[in-house]
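These figures come from a predicted structure and were not determined experimentally.
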Protein chains: 2
Amino acid sequence: MTVRRQPLSQTQTRVLDLLSAAGRPLSAYDLLGKLRGEGVNAPPTVYRALEKLVREGLVHRLESLNAFVACSTPHHHDMATFAICDHCGLVTELTDRPLQQQLAAISSRSGFHATRMMVELHGHCAACSAKAHGQGAPDQAH
Amino acid sequence: MTVRRQPLSQTQTRVLDLLSAAGRPLSAYDLLGKLRGEGVNAPPTVYRALEKLVREGLVHRLESLNAFVACSTPHHHDMATFAICDHCGLVTELTDRPLQQQLAAISSRSGFHATRMMVELHGHCAACSAKAHGQGAPDQAH
DNA sequence: AAACGGATGTTATACAATAACACTCGTCTG
DNA sequence: CAGACGAGTGTTATTGTATAACATCCGTTT
């Protein structure tokens with residue numbers, strides 16, 4: 001059940017393609033850099049496209065990185081969980097229903113009504129954990 | 001078991017006091033504004049104090065707001081969970097061991113080793129949910 | 001033709017964070 | 001005591017992130 005909500009404009013499609021192709025988070029200015037020479041010359045255009053894509057659930061914003069990634073399973077969800085490798089930059093989107101429910105339950109214990117839940121885990125991915133077993137790794141790729 | 005790690009400098013103490021007194025998140029520049037006239041005139045000083053306080057576990061950074069709050073239960077934890085009311089700005093720090101464990105479990109299923117887990121819930125606090133029952137509230141206080 | 005919604009362009013600016021360098025001060029140490 | 005060191009700070013400048021405000025364009029509706 002692929003959800004196709006609104007038609008995307010040229011720029012919006014282009015931004016989504018760039019994010020998908022990158023396979024890793026890109027900042028708005030990374031995107032702007034790639035779009036210069038294609039008629040896009042200023043931040044607002046990029047931010048507007050990103051805003052739309054996030055609204056449509058096609059792109060996620062990683063708050064702790066000030067960057068954006070294409071959603072791995074486009075699906076309008078108010079919750080996103082990411083595992084971010086601080087060593088190689090790999091970002092994995094996790095999906096876990098029970099977690100979402102538990103979070104909603106925990107917050108609503110205090111009467112809170114959550115509309116947007118963001119979970120971002122920082123650490124080391126499997127590959128990087130294996131390589132640097134206990135070593136002081138430099139961290140932070142790209 | 002109050003943990004007192006390192007003595008704090010004048011500026012660090014001042015920043016922590018300001019955050020505690022505010023009882024809500026403040027940006028680095030909010031703090032700078034309050035510290036002008038006390039000999040603090042530039043961002044680096046504030047950021048350095050905040051960095052130290054975060055390291056000591058006395059202050060948390062809210063990634064989704066680019067702001068800082070005094071930790072409600074100073075305690076060196078790699079995990080913080082916050083419920084952020086988008087209407088009145090109230091921020092509540094939640095503590096839930098099982099959640100932390102579940103998160104660690106979920107991520108490690110894919111071989112990920114988490115060193116820092118951030119959970120930020122956006123929505124409406126109990127008071128604001130009660131007031132605006134279904135109404136289109138303006139959102140975003142301050 | 002006029003009105004509108006959605007997207008874009010453009011200029012300027014605000015807000016967030018850090019780099020690089022010099023300086024002070026207290027403590028340790030030979 | 002002299003020198004070295006670490007932690008904190010001051011200062012200037014710069015980079016990076018995001019938005020305000022206003023004008024334009026275009027397709028659709030009425």
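The aromatic rings of B:His87 and B:His124 sit tilted relative to each other, their planes meeting at an angle between 30° and 60°.
Using a 4.0 Å cut-off on heavy atoms, the residues of residues 34-45 of chain A that approach DNA chain D are A:Pro43, A:Pro44, listed by number.
Under the 3.5 Å distance criterion, the side-chain polar atoms of B:Gln100 are left unmatched by any main-chain donor or acceptor of B:Arg97. Remark: the backbone N or O of B:Gly111 is not paired with any side-chain donor or acceptor of B:Ser108 at under 3.5 angstrom. In this structure, the side chain of B:Arg36 engages the main chain of B:Asn41 through a donor-acceptor pair within 3.5 Å.
Side-chain atoms of B:Leu19 and B:Leu50, non-hydrogen and from C-beta on, do get closer than 4.5 Å to each other. Within the 4.5 Å cutoff, the side chain of B:Leu53 has heavy atoms near those of the B:Val15 side chain.
The pair A:Arg109-B:Asp96 counts as a salt bridge, with a side-chain nitrogen and a carboxylate oxygen less than 4.0 angstrom apart.
Taking the six-membered ring where the residue is Trp, the centroids of A:Phe82 and A:His60 are separated by under 6.0 Å.
If you check every strand for non-hydrogen atoms under 4.0 Å, A:Gln12 touches sugar and phosphate atoms only.
Residue pairs meeting the salt bridge (Lys or Arg N to Asp or Glu O under 4.0 Å) criterion with at least one member in residues 58-72 of chain B, sequence neighbours excluded, are B:Arg61-B:Glu63, B:Glu63-B:Arg116.
Rounded to whole Å, the distance from CG on B:Leu31 to C1' on C:dA16 is 13 Å. Here C:dA16 presents its P atom at 10 Å from CZ of B:Arg61, a figure rounded to the nearest Å. Spacing between atom CD of A:Glu51 and atom P of C:dA7 amounts to 10 Å, rounded to whole angstrom units. In this entry the distance linking CD of B:Glu63 with C1' of C:dA16 reads 12 Å, nearest Å. As a whole-Å value, the separation of B:Gln10 CD from C:dG26 C1' is 15 Å.
Summary of the strand contacts: B:Arg48 and B:Ala67 both lie near DNA chain C, and taking for each the nucleotide with the nearest heavy atom, the more 5' one is attributed to B:Ala67. Of the residues near DNA chain D, B:Asn66 and B:Thr11, the one whose nearest nucleotide (by heavy atom distance) lies more toward the 5' end is B:Thr11.
Note that the first and last nucleotides of DNA chain D, 5' to 3', having any atom under 4.0 angstrom from a heavy atom of chain B are D:dG8 to D:dT12.
Contact between the side-chain N/O atoms of A:Ser9 and the OP1/OP2 oxygens of C:dT8 is found at a separation under 4.0 Å. Using a 4.0 Å cut-off, some side-chain N or O of B:Tyr47 falls inside it from OP1 or OP2 of C:dA17.
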